[in-house]
Amino acid sequence: MIRKKRVLVGVSGGVDSLAAALLLQEQGFEVSCVTFVSWNKETEGVYIPPSKADPEEAAIKTAELCRENGFNHYLLPLAKEFDEKVIQYFISEYLSGRTPNICSHCNRFFKFEQLQIAARKFNCEYIATGHYANIRKENERYVISRSFDDWKDQSYMLWQLPQNILKMCILPLGNTLKAEVKEYVKKQGFPEQADQNESFNICFIPDNNYKEFLCRRIRSLEEILKNGELLNTNGEKIGVHDGFPFYTIGQSKNLITGNSSKLYVKEVIPHKNRLILSSKDEVFSSVIHIHKINFIKYGNLQGRFSFWVRIRGKDHGTQADVCFDEDGEAIVYFSQPAFAPAVGQSAVFYEGDDVVCGGVICRIN
RNA sequence: UGUCCGAUGGUGUAGUGGCAGCACAGCAGAUUUUGGUUCUGUUAGCCUAGGUUCGAGUCCUAGUCGGAUAA
């Protein structure tokens, strides 16, 4: 008898990863599941509101659910790794005046990497998640492309994945609509999971207050940085702010200026704890620089190309000319100015539905 | 000191003697595997004391505060 192919599915307790596991089982895989406990009550700075489930308890419930359905299930406590790879990065980026694309970073340096490590350990040749995107092999390369469900597409968050991970990665939901996934999970006998709310926001900041998180994590941060200057584009002081890490380019919330029209953060100047504000028109940029490029569809590109570029998750994209240089950096010339590209965010390049490559925005012109 | 001008939510402003509006900020929802954006809803105000009037943010008088100006 031919041995079934083994796949390790990262399950969070939500609908999508559960659907992925069930679908793979239907397709004839031997399915094992793993749940990471990325933080717990003791993790510094993480506050779990009373309304939210304790991550350890939630993981145990997920484990029970999987085992009841005949899956192997492994529970991995990875709070230390998560802290080192994800939370530290998050903090240091904000303290440097950048805006980290934390999900994208986590997928690369924590989630998929740990899945790969666990797969080796548990003797699985494939890994899988409930992400909405597709992976196919073409010309000896593994190519990520947009999901069939245009609205749910998560290919933007996966651009950093290296070929050796993509090679062993299966995304079973790439050709399915979210509504179908919910229906499927319900039919399989999990109505409770099917009706769960979408996960959203930064996962380790359940109340979505990242300012409070930073302040809990770094003692007296607020005290040191309060009363920073708000300047207009003429260099005139028009107010004060709570500290540069709590703002990002394009932001208009939480700016008390007394100005009668809406103002947006145009520039963050960390060493002076200063924010430059302007009207919305002035926050558009035509040229951005990117680094830390990861090539997906083709190997190293050199020279000038025309691609669609997305600079945030829910961005339909902008046509742009991209010039790659020899140092692994690139300059992006948008055909139409893009609103509020922020240093630290991901720029992902598409050719049709395919992800060509991505990079981290390092400079705005 | 005289004269003139002004005072309306936290901020900036509209308001023929007839229901005090608008914008920005704030707050609350919606949306969202990142930040942010966007959308919807909502809190909150006539400097004080008199007077005229059926009725005063509006007209009159005085005061308080702010600005301008003259010596």
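A, B, ... follow the sequence lines: proteins, then strands. Residue 1 opens every chain.
Here I249(A) lies in heavy-atom contact (under 4.0 Å) with a base. Residue-level contact check: S252(A) touches the backbone only, with heavy atoms under 4.0 Å from sugar-phosphate atoms and none from bases. Counting any heavy atom pair closer than 4.0 Å across all strands shown, N208(A) reaches sugar-phosphate atoms only and no base atom. Note on K211(A): nothing from the nucleic acid sits closer than 4.0 angstrom, heavy atoms only. Using a 4.0 Å heavy-atom cutoff across all strands shown, D16(A) reaches no nucleic acid atom at all. Counting any heavy atom pair closer than 4.0 Å across all strands shown, G313(A) reaches a base atom. Using a 4.0 Å heavy-atom criterion, one finds that Y94(A) contacts the sugar-phosphate atoms exclusively. Base engagement by Y156(A) is indicated by at least one non-hydrogen atom pair under 4.0 Å involving a base atom. No contact: Y247(A) has no heavy atom under 4.0 Å from any strand. Residue contacts for S104(A): at a heavy-atom cut-off of 4.0 Å it reaches no nucleic acid atom on any strand shown. Counting any heavy atom pair closer than 4.0 Å across all strands shown, Y264(A) reaches sugar-phosphate atoms only and no base atom.
Distance, K266(A) NZ to G35(B) P: 23 Å, rounded to whole Å. Rounded to whole Å, the distance from CD1 on I87(A) to P on U34(B) is 17 Å.
In terms of phosphate contacts, K262(A) brings a side-chain nitrogen or oxygen within less than 4.0 Å of OP1 or OP2 of A25(B). Distances shown here put every side-chain N or O of W151(A) at or beyond 4.0 Å from the OP1 or OP2 atom of U31(B). Side-chain nitrogen and oxygen atoms of K280(A) include at least one within less than 4.0 Å of the OP1 or OP2 phosphate oxygen of U38(B).
A cation-pi arrangement is present between R304(A) and Y333(A) under the rule of less than 6.0 angstrom and at most 45 degrees off the ring axis.
The nucleotide whose nearest atom lies closest to any side-chain atom of F339(A) is, among U34(B), A25(B), U37(B), U37(B).
A donor-acceptor contact under 3.5 Å is formed by the side chain of Q345(A) with the base of U34(B).
The only member of V268(A), I269(A), L231(A) that meets side chain to side chain contact (heavy atoms under 4.5 Å, CB included) when paired with L275(A) is V268(A).
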**Q.** Verdict with reasoning, N232(A) to L263(A), per side chain to side chain contact (heavy atoms under 4.5 Å, CB included)
**A.** CA-CA 9 Å; N232(A) 64 18; L263(A) 291 176; over 6 Å; no
Q) Can you list the steps and then say if L158(A) with F112(A) is a side chain to side chain contact (heavy atoms under 4.5 Å, CB included)? A) CA-CA 10 Å; L158(A) 300 175; F112(A) 282 81; 3.8 Å; yes
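Qualifying ring-ring contact (aromatic ring centres under 6.0 Å, His included) partners for Y94(A), counting only residues two or more places apart in sequence or in other chains: F90(A), Y210(A).
Nearest approach of V356(A) to Y350(A), heavy atoms of both residues: CG2-C, 4.0 Å.
Helical stems of RNA chain B (runs of at least 3 Watson-Crick or G-U pairs, donor-acceptor distances under 3.5 Å) are listed by first residue: B:1-7 with B:64-70, B:10-13 with B:21-24, B:26-30 with B:38-42, B:47-51 with B:59-63.
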